[in-house]
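Each chain gets a letter, A, B and so on, in the order the sequences are listed, and its residues count up from 1.
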Number of protein chains: 2
Amino acid sequence: MEQLNNVIFYTIDKSIRTYRQYAQRQLKNAGYSITIDQWLVIKTLLENPDIKQQELGEKIFKDNASVTRIIELLVRAKYLKRRNNTEDRRRTGLEVTEKGKETIADVHKIVLKNRSVALEGISKTELETVKKVLMKITKNCQDD
Amino acid sequence: MEQLNNVIFYTIDKSIRTYRQYAQRQLKNAGYSITIDQWLVIKTLLENPDIKQQELGEKIFKDNASVTRIIELLVRAKYLKRRNNTEDRRRTGLEVTEKGKETIADVHKIVLKNRSVALEGISKTELETVKKVLMKITKNCQDD
DNA sequence: AAAATATATTTGATATATCAAATATTGATA
DNA sequence: TATCAATATTTGATATATCAAATATATTTT
């Protein structure tokens, strides 16, 4: 087999999946049932209270449909509340509940810890190279 | 916002997603309805005819449940055929059909093209660094 | 103002991911 | 050999991804 490990895209895929799994497991171990993606949505809403769902999706690399469904679950779990947007009735206002705010703060600590564990032993220069190369890949795939 | 772009994990995530979308779009444009993952499963089966589903999953970074379901779709679409494994009846033998074989060959060319487009302008040294760093991240998240 | 166009979000259909539990079978052991 | 443990796969439940189509509302054009 043309070794999968020699194909950079599988290395990329594997690393992000492994990180996700690790991060999710840490959350679970700490007693949270929220997913990383859900956390990210709440956090982004807190920091951008009047953001459109569309813009939210762009920020966190999710399409509209995914955003709609993630929000639905967050409302159901009482992390968010819907309110009406009087200025543009196509939009739904979204308010982070107290429960949501508390959760974000607690989870943030865990996320920071996760990141530092995952990046242990990697130099700043190396990270810069990785970032530069990955952004180039992204660009190459967008232009075409 | 603690800029998401400054968090390496979002850069990783974005790059692999953008690549996937690009690759999938190229397949579609060429008239194939198969997904990259499905293609990968067939290819791996061709190259490892007697592999267990479990091992298959490990090779392509998917869990058993996903493998089962992907195979189900492939059988339905007539890329694969089930046959009995007389030696161990817990296992299902899997045979790639003619249709499967043809598709793999054609799609392989497109995949190679995709990869080279995505990696345009990136040096070998850079790729080595990226690979090394990503493997380190994977390891960091597995040990814990 | 009516019609056409643009924007924001939702919905439907299908594929995949993930975990835990269920099944089926095999192998080991008391 | 009956029982128990291990292995291989499937199934159920839920979350997310993706594309296309549908809705609802707003804005622009004629």
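In terms of the salt bridge (Lys or Arg N to Asp or Glu O under 4.0 Å) criterion, B/K81 has no residue partners (sequence neighbours excluded). Partners of A/K136 by salt bridge (Lys or Arg N to Asp or Glu O under 4.0 Å), not counting sequence neighbours: none found. Under the ring pair (Phe, Tyr, Trp, His ring centres under 6.0 Å) criterion, B/Y19 pairs with A/F9, not counting sequence neighbours.
In terms of hydrophobic clustering, with Ile, Leu, Val, Met, Phe, Trp and Tyr side chains grouped at heavy-atom distances under 4.5 Å, B/L56 and B/L73 are assigned to different clusters.
Contact record, A/R82 with A/E72: NH2-CA, 4.1 Å, taken as the closest heavy-atom pair. Nearest heavy-atom pair, B/V133 versus A/E126, reported as atom, atom and distance to 0.1 Å: CG2-CB, 3.7 Å. Taking every heavy atom of both residues into account, A/L94 and A/R83 meet most closely at O-NH2, 3.5 Å.
Between A/E98 and A/K101 a salt bridge is recorded (basic side-chain N to carboxylate O distance below 4.0 Å). A salt bridge is absent between B/K124 and B/E128; no separation between the charged side-chain nitrogens and carboxylate oxygens falls under 4.0 Å.
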Polar atom pairs between nucleotides 1-7 of chain D and protein, under 3.5 Å, N or O only, would you list them?
{"from": "D/dT7", "atom 1": "O2", "to": "B/R90", "atom 2": "NH1", "distance (Å)": "2.6"}

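Judged by closest nucleotide on DNA chain D, B/V67 is the one of A/I36 and B/V67 placed further toward the 5' end. If A/T92 and A/K28 are placed on DNA chain C by their nearest nucleotide, the residue sitting closer to the 5' end is A/T92. Nucleotides of DNA chain D nearest to A/D63 and A/R89 differ in position, and the one nearer the 5' end is that of A/D63. Ranked by how close their nearest DNA chain C nucleotide is to the 5' end, A/Q21 and A/R82 are led by A/R82.
Of the residues in residues 70-80 of chain B, those lying under 4.0 Å from DNA chain C by heavy-atom distance are B/I70, B/L73.
Among the protein residues, B/Q24 comes within range of no part of the nucleic acid, since none of its heavy atoms lies under 4.0 Å from any strand. When heavy atoms are screened at a 4.0 angstrom cut-off, B/T35 is found touching the sugar-phosphate backbone but no base atom. Using a 4.0 Å heavy-atom cutoff across all strands shown, B/R17 reaches sugar-phosphate atoms only and no base atom. Within the nucleic acid shown, A/R20 has no heavy atom closer than 4.0 Å to any nucleic acid atom.
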Q.
Using the rule given for side-chain hydrogen bond (donor to acceptor under 3.5 Å, both in side chains), can you reason through B/T103 versus B/D106, listing the C-alpha separation, both sets of side-chain angles and the distance that settles it, and then say yes or no?
A. CA-CA 5 Å; B/T103 308; B/D106 296 351; over 6 Å; no
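Protein chain B contacts DNA chain C over a range whose 5' and 3' limits, counting nucleotides with an atom under 4.0 angstrom from a non-hydrogen atom, are C/dA15 to C/dT26.
With contacts defined as side-chain heavy-atom distances shorter than 4.5 Å, the pair A/R115/A/L112 qualifies.
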